[in-house]
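Before any comments, here is the structure.
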Amino acid sequence: MPITNAEIAEILREYADLLEIKGANEFRIRAYRTAARNIDNLTRSVAQMVSTGEDLSTLPGIGQDLATKAAEIVRSGRLPELEQLKKEIPSDLIGISRLAGLGPKRTGALHRELGITRIDQLEEAVQQQKVRLLPGFGARTEQRVAEDLSRERDTPVGSKRYRLSVMEEIAQPLIEYLSAIDGVRQVTIAGSYRRKKETVKDLDILVTHHAKCDVMQWFVEYEDVEDIVSQGDTRSAVRLRYGVQVDLRAVPQNSYGAALHYFTGSKAHNIAVRRRGVQHGLKINEYGVFHNGKRIAGETEEEVYATVHLDYVEPELRENTGEIEAAGRGTLPGIVKPDDIRGDLHTHTKATDGRATLREMADAARQRGYEYLAITEHSRHVTVAGGLDASAVEQQIAEIDQLNEQLDDLVLLKGIEVDILEDGTLDLPDEILKKLDLVVCAVHYKLDLPAEKQTERIIRGISNSYPTILAHPTGRIIGRRRASSLDMERLMRAAKQTDTILELNAQPDRLDLTEVHARMAKEMGVMVAISTDAHSGEELNFMRLGVFQARRGWIEPGDVLNTKNHKGVKDWLSRKRK
DNA sequence: GCCGTTTTCGGCCCGACTGTTTTCAGTCG
């Protein structure tokens, strides 16, 4: 497998982290981080670009120097300059610099003054109270480091991120609590939560309130607060008992839009917008947009964008991956909304590993106002889920036909989630697949084949004339299982050629396609289906998570199969069998 | 190290809070 964009980006990030501890020029460090982020968000493989001799310096944020370095990483898998720098600045220092109260500068001082290179040496120095003696340090800083070190020991994951769905559960009661405070006007969650990232590290909450309301005091007294990190008049931070950090910012009402824009980020998007402001002679901060010290906007986000001649940018698009240029040209995509969805094309029932009956699933779909719902059980090879063989499929077909006669406002589509076996053949014979309305195919075993084999296996699977949707293409489970190694570009070309649709699986721990892959599908003209893979009626609600992910991938309603009505879906599905 | 409506050098986003400080650096977002 050639090196992935994520791996290249990681190497550049590590280099940036070490440069920072070393005390290098901050703009040079920023250049490495920008390049890493851009490579992460690229919908093309850098390795492939190198192999076809393309000029990497055409990529945003990559000049001659970084093009050379990136090419070297592709060729050898390493960056010699990084190896060299590691001899000087041990990479364990990066972990140390992430401890509370420490940053690159103080970490550099610990290394220089006390010779600290590892975490156990830092623990010892803290115990001996040597740290507080260093210039710029003191007893309080040493204390904070000691506390964070012991927290690290208890829960080793330093920068834990939470799935968006988990964070929603933590955020909801807190929002209700804050909204109920007398004098509070607006409460909004900003940050990556508002941008609907698949995982969220902390909560950024914005409030506006009447003059007399001491919202900060109320905030730090919330019942789940374990630790007050900081407390001021306009900004406070706490750590909740689940370990989640929450930042609260209070702003005047007429700054609400500017503050919301600022705290929604992303950081890269904000920097780009502000730079645009500077070009127009404007200063943009969380209180508003200023021209020669005079406030000219700030009440709404739309106003802020308008001052720099940009269309309003949906939060999900704010990553500085082309949205600012598009907003300037008036060519932003009209991205898909939850209301655009007319049905679900991947669900299970009690016939395999689902928890609801056919009837219950149908009722849940009707309640959501869907026009259609596909029942797609596992095939026999997935023994743990009680996958269906041909005769069991026949039986379910009969049951669905019968139920369809009773339903007048919903069509149940007869489907299957057939396994693509290791050799690329399908787990059920064509004779049974041809009787179904919809064949979803997927890989459930041998997820760790080498990239070339895995890619060929799947391409062989979708080249069969019956499967029309490839479910959870990479097989990743967030925080638990890596994505299969796949040549995504090749796979998507094959999908395009064979009229195969790629699923964006909306299970909260899958969200597979990623936003980068979703955007790649769009650019390559590959149709996407957003499906919940629901195992109960409740799980149909995961649809919104899938839509959020699609929005982050610039997907428009026309790119999504299940925004079409029943006839539109049928027409699309019949393409392959002709 | 990148980049160009300030174009090949000289800029590079902006502010709050904390702790160590007598005016500010570092961290954080």
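Labels below follow one simple rule: chain letters A, B, ... track the order of the sequence lines, proteins then strands, and each chain is numbered from 1. What you are looking at is a predicted structure, and each value in this text was computed from that prediction instead of being measured.
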Completion exercise
Once base and sugar-phosphate atoms are separated, protein heavy atoms under 4.0 Å mark nucleotides 21-29 of chain B, 5' to 3', with B, S and - as S----SSSB
Completion exercise
Each nucleotide of nucleotides 2-12 of chain B classed B (base within 4.0 Å of a protein heavy atom), S (only sugar-phosphate) or -, in 5' to 3' order, makes SS--------B
Handout entry: Residues A:D17 and A:R98 bridged, charged N to O under 4.0 Å
Key =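 Here A:D17 pairs with A:R98 in a salt bridge, since their nearest N and O are under 4.0 Å apart.
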Practice task
Give a yes/no answer on whether the side chain of A:N270 brings an N or O atom under 4.0 Å of OP1 or OP2 in B:dC13.
Solution key: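 Checking A:N270 against B:dC13: no side-chain N or O falls below 4.0 Å of OP1 or OP2.
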Practice task
May I ask you to evaluate whether A:T141 reaches the phosphate of B:dT20, defined as a side-chain N or O under 4.0 Å from OP1 or OP2?
Solution key: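 For B:dT20, OP1 or OP2 has a side-chain N or O of A:T141 closer than 4.0 Å.
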Starting at [atom1] of [X] and ending at [atom2] of [N], how long is that distance when rounded to a whole Å?
X      : N      : atom1 : atom2 : answer
A:D233 : B:dG15 : CG    : C1'   : 15 Å
A:I228 : B:dG19 : CD1   : P     : 12 Å
A:Q231 : B:dA16 : CD    : C1'   : 14 Å
A:L282 : B:dC14 : CG    : P     : 11 Å

For the side chain of [X] and the backbone of [Y], is there at least one donor-acceptor N/O pair under 3.5 Å apart?
X      : Y      : value
A:R318 : A:E323 : no
A:D512 : A:N505 : no
A:T58  : A:D55  : yes
A:D559 : A:I555 : no

Rounded distance in Å between the [atom1] positions of [N] and [M]:
N      : M      : atom1 : value
B:dT8  : B:dC13 : C1'   : 24 Å
B:dC9  : B:dG19 : C1'   : 39 Å
B:dT5  : B:dG11 : C1'   : 15 Å
B:dG26 : B:dT21 : P     : 12 Å
B:dT22 : B:dG15 : P     : 24 Å
B:dC2  : B:dT6  : C1'   : 16 Å

Exercise for the section: With the side chain counted from C-beta on, respond yes when A:K69 and A:Y32 share a heavy-atom pair under 4.5 Å apart, and no when they do not. Expected result: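 A side-chain contact exists here, since the closest heavy-atom pair is under 4.5 Å.
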Practice task
Flag the pair A:I189 / A:D204 as yes when at least one side-chain heavy-atom distance between them is below 4.5 Å, and no otherwise.
Solution key: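 Heavy-atom side-chain distance check fails, nothing below 4.5 Å.
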Practice task
Go through B:dC14, B:dT20, B:dA16 for me and flag the one nearest to the A:R140 side chain.
Solution key: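 When the side chain of A:R140 is considered, B:dT20 is the closest of B:dC14, B:dT20, B:dA16.
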Exercise for the section: Enumerate the residues from residues 32-49 of chain A whose closest heavy atom to DNA chain B is under 4.0 Å, giving them by residue number; use none for an empty result. Expected result: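 Within residues 32-49 of chain A, the residues near DNA chain B are A:Y32.
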Practice task
Give the ring-plane orientation class for A:Y222 versus A:Y177, where under 30° counts as parallel, over 60° as perpendicular and anything between as tilted.
Solution key: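 Tilted.
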Exercise for the section: Scan A:E316, A:E198, A:E319 and name whichever one has a salt bridge (charged side-chain N to carboxylate O under 4.0 Å, His left out) with A:R551. Expected result: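 For A:R551, the salt bridge (charged side-chain N to carboxylate O under 4.0 Å, His left out) test succeeds with only one of A:E316, A:E198, A:E319, which is A:E316.
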Exercise for the section: Check whether more than 12 heavy atoms from other residues, nucleotides or ligands sit under 6.0 Å from atom CZ of A:R481, and answer yes or no. Expected result: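 Yes - once you tally the heavy atoms of other residues, nucleotides and ligands closer than 6.0 Å, there are more than 12.
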Exercise for the section: For residues A:H291 and A:H280, establish whether the separation of their ring centroids is below 6.0 Å. Expected result: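 Aromatic pair excluded; centres sit 6.0 Å or further apart.
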Problem - Check: A:Q127/A:E123 side-chain N/O donor and acceptor closer than 3.5 Å - result: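 No - no donor-acceptor pair under 3.5 Å links their side chains.
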Problem - Complementary nucleotide for B:dT8 - Watson-Crick or wobble, under 3.5 Å - result: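 Per the H-bond distance test, none.
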